[in-house]
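Worksheet for the structure shown next.
Order of the sequence lines sets the chain letters (A, B, ...), proteins ahead of strands, with each chain counted from 1.
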Amino acid sequence: MKKPVLVLGGGIAGIQSSLDLAEMGIPVFLVESSPSIGGRMAQLDKTFPTNDCSACILAPKVTACYNHPLIKTLTWSELLELKGDAPEFTAVIKQKARFIDEELCKGCNDCTLECPIEVKSEFDMGMGTRRAVYKPFAQAVPNKVTIDKKGTSPCKYRCPAHINAHGYVALTGQKRFGEALSLVREITPLAGVLGRVCFHPCEEKCSRQYVDSPLAIASIKRFIADYEIKQGKAPDIKPIGEPKSQKVAVIGSGPAGINCAYQLAIEGYPVTIFEALPVPGGMLKVGIPDYRLDKKILEREIDILTGLGVEIRCNTPIGTETTLDDLRSDGYNAFFLGIGAHKDTKLGIPGEEAKGVIPGVRFLRELNLGETPEIGRKVLVIGGGNVAMDAARSAVRLGCNVTVVYRRTEQEMPASTWEIEHAKEEGVKFEYLTAPLEVISDDGCVTGLKCQKNALGQADSSGRRRPVAIKGSEFVMEADCIIPAIGQAVDTGMFNTAGGICFQKNGTIVCDMNKMLTGDPDVFAGGDAVSGPATVIEAIAAGNKAARSIRNYLEGTDLSVEPFLLHETPIEEISFNGLARSGRARMPVLSKDERIGSFDEVELGFDEDQTVKEALRCVDCSICSECKACERTCRSGAIRHEQQDEIIEIPVSSVIMANGYDTSRDIPEDLGYGRSKNVVTSMEYERILSASGPFHGHVQRPSDGKAPSRIAFIQCVGSRDTKCDSEYCSAVCCMYAVKEAIITREHLPSVKDINIFYMDMRAYGKDFDKYVDSAKNKYGIGFIRSRVADVSENENGKLSVKFCDDKGSMTADEYDMVVLSVGLSSKKEIQKFFEKTGVKTDKYGFCWVNEMAPPLTSKVGLVACGAASGPKDIPETVVEASAAASEASKIANRIDVSRNDYSSYFIQEEQVPFRDVSKEPVRIGVFVCHCGINIGGYLSVDDAVEYAKTLPFVEYADQNLYTCSVDAQKIIAEKIKEYNLNRVVVASCTPRTHEPLFQAVLSKAGLNPYLFTMANIRDQCSWVHMDRRDDATFKAKELIKMAVGKVTFARQLVKQKIEVKKAALVIGGGMAGITAALEIAGMGFKACLVEKTGSLGGNAARLSTSPSGRIYEGYIRKYIDEVMNNPLIDVYLNTEIKQIDGYVGKYSTILSTGEGEKEIAHGVVIVATGADEYKPKEYLYGSSSRVLTQMELEDRLKDGSYDPDGVQNIVMLQCVGSRDSQRPYCSRVCCNQAIKNALVLKEMKPDASITILYRDIRSYGLNEISYNTARKAGIQFVRYEPECKPEILEENGVLSIKTYEPILGEDIKISADLLILSSAVVPSAENNKILAQMLKVPLNQEGFFMEAHAKLRPVDFATEGVYLCGLAHAPKSLKESITQGKAAAARAATVIAKDTLETEGTIAQVNEMLCAGCGACEKVCAYKAISVQEIKKRDITVKKAVVNAVLCKGCGTCSATCRCGAVDVNGFTDRQVVSELEYLLRN
Amino acid sequence: MKDLSSMNMDFKNRVAVKPGGEKAMNCFLCGTCTAGCPVSALNSEYNPRRIMRMILLGMEQEVLSSPQLWQCSQCHTCVAHCPQDVRFADVMRVLRELALEDGIVSGEFAEEVEKVDREIRQERIDRINKLQNRE
């Protein structure tokens, strides 16, 4: 096995590189940071200039790439580091946690439907939404979901018990109250209790506070707990663990004990709770008054414990009478001490023992146990904490006159603010800065309290100011009862005798806080008894932690008690976009009057609407709330919330950077983006146009969904703009805007005006100008040459666009929608990698590429393609991707590695032998596709399936959401086996893209792939009858019926194998051809380079400097020398091609050299025949010595014959011979060449006046920088209109040019000592025609060779084995020609790297019995694949037609021509076609 | 027909050496300055792009003697919009200096213009105060 290559980026560039390499037999790791491959191209609606559906042309490549056995696709992965040097790189890759098991996920979307979190979809550019668990788009490859987690939400993270607040809030927002409650109950049974009494630290951390105010999280919890009661449902909680034998004793039934018991009981342990008091609940029961917590709620939640089998023994104190040892001998294996802090703290003042002094804790306990403490009328409560408030408010309810005595001020009070407020409302009086000195009593009964006033002094260790007594301020307050509430302590008495357990000085239990373990190995503790008086939620947390430790202890395991796998979501990761302010819900409360004299709950709880509304305020900090709805839904058990990122290291031989681009982030504010919804970016607009987008392809305004009547496109947004730090041109925007305009017109014929505001229309690619012309003339798109200054929304919702037309005045025009053609920026996330790896970038962050050896970067073994090295369109990206593959292949081919080292990534697929079905009865399986909504949305798939089941020989019929998905493919294979099918019909889209895919499925399932037929019920049915559902369904049935009729007579066809001649013929010795030959040789194959002239180098040899000013001479010489000296390359100069015979893999060509003819054998052909400069007939060319072409200027610059002296005024005239009726194309190179040469001339003679007369300056991409430089150097640019071309005047031997200056609005005259014509690039039409005929490949109207597909097969021909590069394809720069030469070599290598090729099965076949040998077929065959030959039959020589299996393309022309019916095309036999028709006509 | 040979091809350099005029040659004549100009909005004769065109073509006399030169209100909106950092408002300032330098306008005239600007600003302040006092 060759050493693998790493391709970074799964867009079209990465996919193309990977496929090329894999087809050459080189393994590839394709690393993509997003969850799916396809890149930007998958997001586009259509592509220019052919208007193909982007996703449709891309999809087959994506699938082929993902399914290729030599390509290991690592999505959701990042390349962290590249260690070492080529070819011994080690790639360090982070495989980000997807939180699913990729093997198990079927991509069924069930989980996404259940997920409560909705966020903006990145794929839809924020125009649509997706869930936290999601597939970026329906056809995503791989077809797997990903869970989007940004960390642990702050609310959950802050909760001491880590109750999943985010989760239950999210579910509540969806009215899924039961699920929400279950989530709380994973942590604690006390949902209703906590909803009422928790001090909710979660809310302190709630991120909503940065928008307005935090969510009322606790009250939401209360609602979901109460909702269950209202619904009359009993809590349904059962142990999940197996029943265990080890018994656990929990001492104390407070919140800590309850939770410890709860968690252990759920695990299956038998638990007994021992409670000293007569009732369970601890402080919850005896410490909290009823008006804060209705005890029925508590009892109900304690009942959950008993429901789990926990035994609660009340009135059973442990310690003195019954000891832990007693329990040990009773068989208890572990203990939890949750004994709380029930002992009151003494005031420490005289008279404290008097009757009528009742400690707060005791007062509340008695009250809660149903006793009526005798407290009289006048009650003084001493203290400022929550117990003091509880005591005071309870006393008020008993009809007392209550005053709270506190030694500091209200500000320092530790009680909650709302509690103080409530107390005040209920009539509690407060005496601040008052310290008790002595209890005054009469006859042992309290009569008053002697106090002293305080002032506040310095702050103490708690940060609060220390009260300082004011001398002489003593006074007496009358009182019937004094309730001190100044603190609680643990009642240590019970255990002090037990031994083992130690107590701190303050009375709390000594405990290892990590394990909640005391000095005894079997005794654990938690709650107030350990921490000192604290909160309910902290007690719960401690109980849970102890339960986990107890489990570890009993099981002898050491599981972590830490609950978090993910860090707290940092605030910068949280999205606050588009949140409107909304107030926090207000808790309804009992009126003041209703509260006095009643212990009814004060807070009444939210109603349902309030709760849901409140829940929906959630910001979804961490995106996924970990509510685990997905986990509960997933039928294949694929969800893995505990998954972690993984780092892997892979040795690779080289790296291809195909990391793509970001859309420009710098959008000038004045253009209204972000302020008006109807100003959208072009990428957003692509999604609007896309049938799979948020509006299903309906053009509508985002603000109101109405169809726009006037749309403006604004060009150069974030491009050609120094303010945005994107001085460069983004290279693609002009064309995509024109495309979007055209598509808009097609989608929405009612649209009145579509205008494109532009500066220079940069339609510099092949057939681009024609496309722009058709936009103007056929689609009525308006083009306004102006850069827009400002877009603002009027009161009527229209967008006012301010621009300046050619006439010069400022104009404001109203539009319904504005599309900003945003530019392309370098990928931000890759910059760190570039820096770390030492890869040179330009100042914009694009990867620097060697101009003379693209796509090599500054680092050996690292190549760049596509937008990684600058903005460019798809064809150029694909060309570069192939070129990168060629470079990578040269390295990989040199190194062999053991397959075992990579065995987990590359599995050798076994060839399944085909089952012979010729003797079997026909058994057909029909698979009908929904194609998302493409089919299913417009016709009844159910009906079609039911109908298919009724057709003859159909054994099985069913439907799939996407039959092409990897998953559905598996289903087909399974059904073939299960039902023993021997014919398959797929009713879906077009066989053009998808037939090979399904045929491969048959092959893998052991069926001959030709036992298959497709019914196209999408392109030919649902798409064309979108508004006629019934008719479309009928037609789909008919199409399926025909397919069944056809497949019934399908036969098992055999492919032939032919041996490949591992050599290439390269025609043309210019730089494209030289490069191609060198690459072929570099990859280890033979090349034959044929050049008709006597020297190599072509046009490049004439150029003096590169666009960036480098002198070419040395470089080109070096390349020529390399070719001449390479032992694998035979160079033939002064040689022409006389004849080419054969076909892919096996060509035989006759060359006519100066010394006679020579025959060579080769497997592939690369056409690199170049083009010439147009010899102008206009502008005095040839008649005036002062008129030159750019190439002639280059000649003079190169040979030094150019003399700058005496040449003061120079004029360059653009578009000579280009963009006119005769040659309606842009010659692409001239603008940049003119700018380059102008700068050279300016440098030679700085005071020379140089003027460039142009129509549009097409300094596309990074060439824009040279245009900027030229202007700064003082070179003048004057635009002319094609309607009034410049005129040359020659007066007395002096040249001058008259031209109309559109901004001045008048003619100007420029004198010219030298006029340089930027003359067109023209193909050598006659030569091309001859070669095209020999190779059976097409030319376009202009005489350039025509590639197989403008976008995705830019260097291929439709004829296999023939490839194209350089100017023979279209005008292009030298750098682009070199790249294309490499690309053609790579494509050629995908053939000659193989030892054998397979022919197609669907080719013509002659029935000799019927053949009359008339030769009619031979005459019509375009491929010369059928010919009449003499055959000996029983001593008689007869003439019969014979088919060349390799040449035959299966087009069927011969079959249609044959009058005897002797020629049939396999796979389309007469029998099959007739059967199709019979089925159609049959009912 | 304007004959460029009679123009001062060095004019743009003359502008570029003055503080504020350095970036004049960056201009690619897109017209954003004009499209956003509040003076252009009221006075269609006033056309910053055209002035830039004339500077770049060396039409020194015409530019410096143009009455449009004094129409600019120096609000710098053009500077905010310009994608090539030409700083047209500053270029205008330079042109005014050059017009003075060449004696095309008198110092008194320039001062008068200054005065008009000052008075208009004062007028604005006064009228707004009045409006607010009325409410």
Side-chain angles (χ1 to χ4, degrees), chain A residues 668-670 716 719-724 726-727 757-760 785-790 801-812 1208-1209 1247-1249 1251 1257 1264 1267-1268 1270-1279 1294 1296-1298 1300-1311, chain B residues 1-17 22-59 62-63 68 77-88:
Chain A
E669 268 181 37
D670 290 335
C716 297
S719 301
R720 304 182 69 187
D721 190 340
T722 51
K723 283 216 168 60
C724 301
S726 326
E727 300 160 82
F757 291 90
Y758 72 104
M759 298 198 290
D760 294 287
R785 194 187 289 269
S786 171
R787 191 168 175 127
V788 170
D790 186 277
V801 173
K802 275 192 204 163
F803 65 99
C804 151
D805 61 16
D806 250 4
K807 305 282 170 300
S809 58
M810 189 259 242
T811 316
Q1208 186 60 32
N1209 298 306
D1247 68 336
S1249 165
T1251 307
I1257 286 292
E1264 179 76 5
Y1267 177 36
N1268 292 346
R1271 291 197 314 279
K1272 284 176 197 166
I1275 292 160
Q1276 296 201 88
F1277 289 83
V1278 175
R1279 189 163 61 80
V1294 181
S1296 62
I1297 290 114
K1298 188 184 106 177
Y1300 176 78
E1301 211 299 316
I1303 298 173
L1304 293 177
E1306 58 186 317
D1307 286 342
I1308 57 171
K1309 190 171 131 187
I1310 312 164
S1311 43
Chain B
M1 185 161 67
K2 298 243 151 50
D3 188 347
L4 291 199
S5 55
S6 65
M7 306 293 165
N8 177 9
M9 292 316 291
D10 216 27
F11 182 42
K12 56 185 179 234
N13 293 322
R14 203 182 156 201
V15 172
V17 294
E22 301 92 336
K23 306 285 182 66
M25 289 191 317
N26 285 10
C27 180
F28 54 27
L29 300 162
C30 66
T32 319
C33 45
T34 314
C37 176
V39 178
S40 281
L42 298 170
N43 174 7
S44 61
E45 291 294 301
Y46 180 69
N47 185 339
R49 169 159 68 168
R50 196 159 192 276
I51 294 167
M52 284 310 304
R53 173 77 284 181
M54 287 157 74
I55 296 171
L56 295 176
L57 287 178
M59 298 161 73
E62 229 171 304
V63 171
Q68 308 301 338
T77 305
C78 49
V79 176
H81 282 148
C82 178
Q84 292 295 317
D85 196 22
V86 172
R87 306 193 66 81
F88 179 73

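- Neither the backbone nor the side chain of Y758(A) comes within contact range of chain B; no heavy atoms are under 4.5 Å apart.
- Take F88(B) and apply the ring pair (Phe, Tyr, Trp, His ring centres under 6.0 Å) test, not counting sequence neighbours, and it matches no residue.
- For the atom pair CG (L57(B)) and CG (L1304(A)), the distance works out to 6.0 Å, reported to the nearest 0.5 Å.
- Contact annotation for R50(B): both backbone and side-chain heavy atoms come within less than 4.5 Å of a heavy atom of chain A.
- Within the 4.5 Å cutoff, no side-chain heavy atoms of H81(B) are placed close to those of R787(A).
- Of all heavy-atom pairs spanning Q1276(A) and L56(B), the tightest one is OE1-O, 2.7 Å.
- The most heavy-atom pairs under 4.5 Å with chain A, out of M52(B), R49(B), E45(B), come from R49(B).
- Between chain B and the residues S1311(A), G1274(A), A1273(A), the largest count of heavy-atom pairs under 4.5 Å involves G1274(A).
- The line from CG of D721(A) to CG of D85(B) is 10.0 Å long, rounded to the nearest 0.5 Å.
- Note: K1272(A) leads K1272(A), E727(A), R1279(A) in heavy-atom pairs under 4.5 Å with chain B.
- Looking at M7(B), neither its backbone nor its side chain comes within 4.5 Å of chain A, counting heavy atoms on both sides.
- The environment of E669(A) atom CD is sparse: at most 12 non-hydrogen atoms of other residues, nucleotides or ligands sit within 6.0 angstrom.
- For the atom pair K1298(A) NZ and M1(B) CE, the distance stands at 6.0 Å (nearest 0.5 Å).
- For Y46(B), there are no ring pair (Phe, Tyr, Trp, His ring centres under 6.0 Å) partners two or more places apart in sequence or in a different chain.
- Among the residues in residues 25-33 of chain B, those with a non-hydrogen atom closer than 4.5 angstrom to a non-hydrogen atom of chain A are M25(B), N26(B), C27(B), F28(B), L29(B), C30(B), G31(B), T32(B).
- Of all the listed residues (P48(B), A80(B), G36(B)), the one sharing the greatest number of non-hydrogen pairs under 4.5 Å with chain A is A80(B).
- Here the OG-CD distance, from S5(B) to Q1208(A), works out to 12.0 Å after rounding to the nearest 0.5 Å.
- With a 4.5 Å cut-off on non-hydrogen atoms, E1301(A) touches chain B through its side chain but not through its backbone.
- The residue among S44(B), A41(B), S6(B) with the most heavy atom pairs within less than 4.5 Å of chain A is A41(B).
- Side-chain contact between V1278(A) and R53(B) is present, with at least one heavy-atom pair separated by less than 4.5 Å.
- Distance check: L4(B) CG to S1296(A) OG gives 10.5 Å after rounding to the nearest 0.5 Å.
- Neither the backbone nor the side chain of N1209(A) comes within less than 4.5 Å of any heavy atom in chain B.
- Closest heavy-atom contact between C82(B) and K723(A): O-NZ, 2.7 Å.
- Contact tally against chain B (heavy-atom pairs below 4.5 Å) for D1307(A), I1303(A), I1310(A), T722(A): the top residue is I1303(A).
- Residue pairs that meet the side chain to side chain donor-acceptor pair (under 3.5 Å) test with at least one member in residues 7-16 of chain B, sequence neighbours left out, are N8(B)-E60(B), D10(B)-N13(B), R14(B)-E60(B), R14(B)-E101(B), R14(B)-D102(B).
- The backbone N or O of R720(A) sits less than 3.5 Å from a side-chain atom of Q84(B), completing a donor-acceptor pair.
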